[in-house]
Structures are given as C-alpha cells and as structure tokens.
Amino acid sequence: KPKNYAAWGKDFVAYLYGTQFLTLRRDPLTKLVSNPDESEGEFRVRISQGGREKRDDAVEALKRKYAPKEAVLQERLRRAEQRVAEQKAQADQAKMQTAISFGATLLGAFTGRKGTGVGRATTAARGVGRAMKEGGDVSRAQETVEAVKNQIAELDAQFREDVGALEAQFGAGAAPLETLSIKPKKANINPQLVSLIWAPYAVDDDGVATPAW
C-alpha cells in the first residue's frame, strides 16, 4: 500500500529524533568545540593554539589598560627629576654666593676696611640660611622622585602578576572539557527514499535462518 511508505518515513524521522545524538567536546575557556571525528588529543592541540591566541589578545588588552597609568607616572617622574635638577642648580648657586660673601667678609677684615664687615657678615649669614633651605628642597625633590619610582615598580609588579594569571588561565589543559550532546532537529531530517526490500532466508528445522542468496 503506497500510503504506508509516508507513515514509515515519519516513523523513521521520529526514531532518529528520539534516539540519535552527536557527542562533542567543548573547552570552556576558548569556547572551542571539537569536530565530529576529532580525537581528544587532536582537540587539545587545537585548544593549545586557541589558548595562546586568546592569551595574546588578553595580554594586549591588559597593556592597553595599564598604558595610561604608566604614562601618568612616567610624566610625574620626568617632572620630579626636572625639579631635582632645578633645585640642585639653585642650591649650588646659593652655596657659591655664600662662599663669595664669606670670602669678601674675610678679605675686608684682613684689609682693615671699615663699614663693610657687619653688612657682609649679615649677607653671608643670610646666604647660609638660603643654602640650607635649597639643600632641603633638593632632598624633598629627591624623595618625590623615589616615591614615583616606587609607584612605577608597584604598577609593573601588578602588571606582571596579571599576566601570570592569564598564562595560568589559558595554559594547555588548564580546564576540564565539557561534553555536549547535540540532537538533530526534525526539520533537518529528510529521508530521501523509503522502500521495501525483500531479503529471503531459508529456515532449517532448528530455526536457524540462512540467507537464500
């Protein structure tokens, strides 16, 4: 009966839909899925390659994240070092002026000039105070440089720590594989031909069937 073939076709589709499925492996980190005929070893090799690519992308993103912070600190360091150089120049100039004032005071004392000793001594004393102040400014400027350098070192250490975490995360075989069971969709099952085949068998007295061809 020809109408039976359509019903058998539907039964066959229902059988495939209810009993057949494809088992694949999935890596949760790289989101890669194995191919149907790919062994676990072959898939892990592909995961390793994909992990390196993911890691490289993540490291580049990390560099972009840290770059603005490093640029700010490097600019602070440049300004701090420039400040040290300026303070040293001012301190050297103050020391030189103080030395000249003391020299002039002593020279005046030796030559016996009147009216110049007290004024020059006062100027020399002021020069000492100014030199001490400039020296303190140099020390504070150097402390600022060291503080900024420490901040840069801390930022670099944090960056290296984050890179190490990425290395561990995307290392080959770092995570167990997931199992995916993929069932077919009825709309995608399309029997091309449903036919009836007669295959004759001969059954002996013991009930054993033997192909009759």
Side-chain angles (χ1 to χ4, degrees), residues 1-75 149-213:
K1 296 180 180 181
K3 65 180 181 180
N4 287 339
Y5 288 87
W8 292 337
K10 292 180 181 179
D11 290 342
F12 182 58
V13 169
Y15 164 77
L16 293 178
Y17 176 76
T19 63
Q20 303 302 302
F21 58 89
L22 183 64
T23 300
L24 300 176
R25 301 178 182 90
R26 179 179 181 273
D27 178 50
L29 292 178
T30 61
K31 311 302 181 184
L32 293 175
V33 178
S34 65
N35 297 321
D37 298 328
E38 190 175 25
S39 68
E40 181 175 347
E42 293 170 339
F43 182 47
R44 286 194 177 276
V45 170
R46 195 154 58 88
I47 290 173
S48 179
Q49 176 65 27
R52 286 193 295 270
E53 294 175 356
K54 290 281 187 179
R55 177 203 59 199
D56 293 344
D57 292 342
V59 170
E60 287 300 321
L62 199 62
K63 288 180 180 179
R64 291 193 294 271
K65 174 184 175 181
Y66 276 85
K69 299 178 182 179
E70 183 179 3
V72 170
L73 289 177
Q74 290 293 345
E75 176 60 21
K149 286 183 176 179
N150 289 336
Q151 292 176 352
I152 293 175
E154 291 174 0
L155 184 68
D156 182 67
Q158 183 62 50
F159 172 75
R160 293 179 182 276
E161 182 179 345
D162 291 347
V163 170
L166 291 176
E167 293 282 355
Q169 179 182 357
F170 291 103
L177 300 179
E178 299 175 347
T179 300
L180 300 179
S181 294
I182 302 176
K183 295 183 63 175
K185 295 181 179 180
K186 285 187 176 181
N188 293 336
I189 302 174
N190 182 24
Q192 298 296 309
L193 175 66
V194 178
S195 62
L196 178 63
I197 299 176
W198 178 54
Y201 281 75
V203 182
D204 59 19
D205 295 337
D206 295 329
V208 177
T210 304
W213 64 86

Quiz item: Is there side-chain contact between K31 and R26, with heavy atoms separated by less than 4.5 Å?
Solution: yes
Self-check item: Closest heavy-atom pair and its distance - A202, A212
Solution: N-CB, 4.2 Å
Exercise. Any chance you could measure L73, atom CG, to E154, atom CD, to the nearest 0.5 Å?
Key: 9.5 Å
Exercise. Report yes if the side chains of V59 and K63 come closer than 4.5 Å at any heavy-atom pair, otherwise no.
Key: yes
Self-check item: Side-chain touch R25/L180, heavy atoms, less than 4.5 angstrom
Solution: no
Quiz item: Would you call the rings of Y15 and F12 parallel, tilted or perpendicular, where under 30° means parallel and over 60° means perpendicular?
Solution: parallel
Practice problem: Search all heavy atoms of V194 against all heavy atoms of W8 and return the closest pair with its distance. | Solution: CG1-CB, 4.2 Å
Quiz item: Between L177 and R44, is any pair of side-chain heavy atoms under 4.5 Å apart?
Solution: yes
Self-check item: Under 3.5 Å donor-acceptor, Q74 side chain and A71 backbone
Solution: no
Exercise. Could you tell me whether the side chain of D204 and the main chain of G207 form a donor-acceptor pair under 3.5 Å?
Key: yes
Quiz item: After noting the C-alpha distance and the side-chain angles of Y66 and Q158, does the key distance pass the side chain to side chain contact (heavy atoms under 4.5 Å, CB included) rule?
Solution: CA-CA 10 Å; Y66 276 85; Q158 183 62 50; 3.0 Å; yes
Quiz item: Do the numbers put K183 on top of the ring of Y17, so that NZ or CZ is under 6.0 Å from the six-membered ring centre and no more than 45° off the axis?
Solution: yes
Quiz item: Under 3.5 Å, is there a donor-acceptor pair between the side chain of Q20 and the main chain of G18?
Solution: no
Quiz item: How many angstroms lie between atom NZ of K10 and atom CD1 of I189, to the nearest 0.5 angstrom?
Solution: 14.5 Å
Self-check item: Beyond-backbone contact of K65 with F159, side-chain heavy atoms, under 4.5 angstrom
Solution: no
Practice problem: Report the C-alpha distance between L32 and F43 in whole Å, list the side-chain angles of each, state the deciding distance to 0.1 Å, and finish with yes or no for side chain to side chain contact (heavy atoms under 4.5 Å, CB included). | Solution: CA-CA 9 Å; L32 293 175; F43 182 47; 4.1 Å; yes
Quiz prompt | Validation row: E70, I152 side chains within 4.5 angstrom (heavy atoms) | solution = no
Quiz item: Does a salt bridge link E42 with R46, judged by any charged N lying under 4.0 Å from a carboxylate O?
Solution: no
Exercise. Check N35 against E38 and note the closest heavy-atom contact, atom names and distance.
Key: N-OE1, 2.9 Å
Quiz item: Could you go step by step and tell me if T210 and Y201 meet the side chain to side chain contact (heavy atoms under 4.5 Å, CB included) rule?
Solution: CA-CA 5 Å; T210 304; Y201 281 75; 5.6 Å; no
Quiz prompt | Flag side-chain contact, heavy atom, 4.5 Å: L22 against P36 | solution = yes
Quiz prompt | Nearest non-hydrogen partners of W213 and A199, listed with the distance | solution = CZ3-CB, 3.9 Å
Quiz item: Minimum heavy-atom separation for P176 to P28, with atom names?
Solution: O-CD, 3.5 Å
Self-check item: From NZ (K186) to CG (L16), nearest 0.5 Å
Solution: 11.0 Å
Quiz item: Say you draw a straight line from CD of E178 to CG of D27; how long is it, rounded to the nearest 0.5 Å?
Solution: 8.0 Å
Quiz prompt | Greater than 12 external heavy atoms within 6.0 Å of Q151's CD | solution = yes
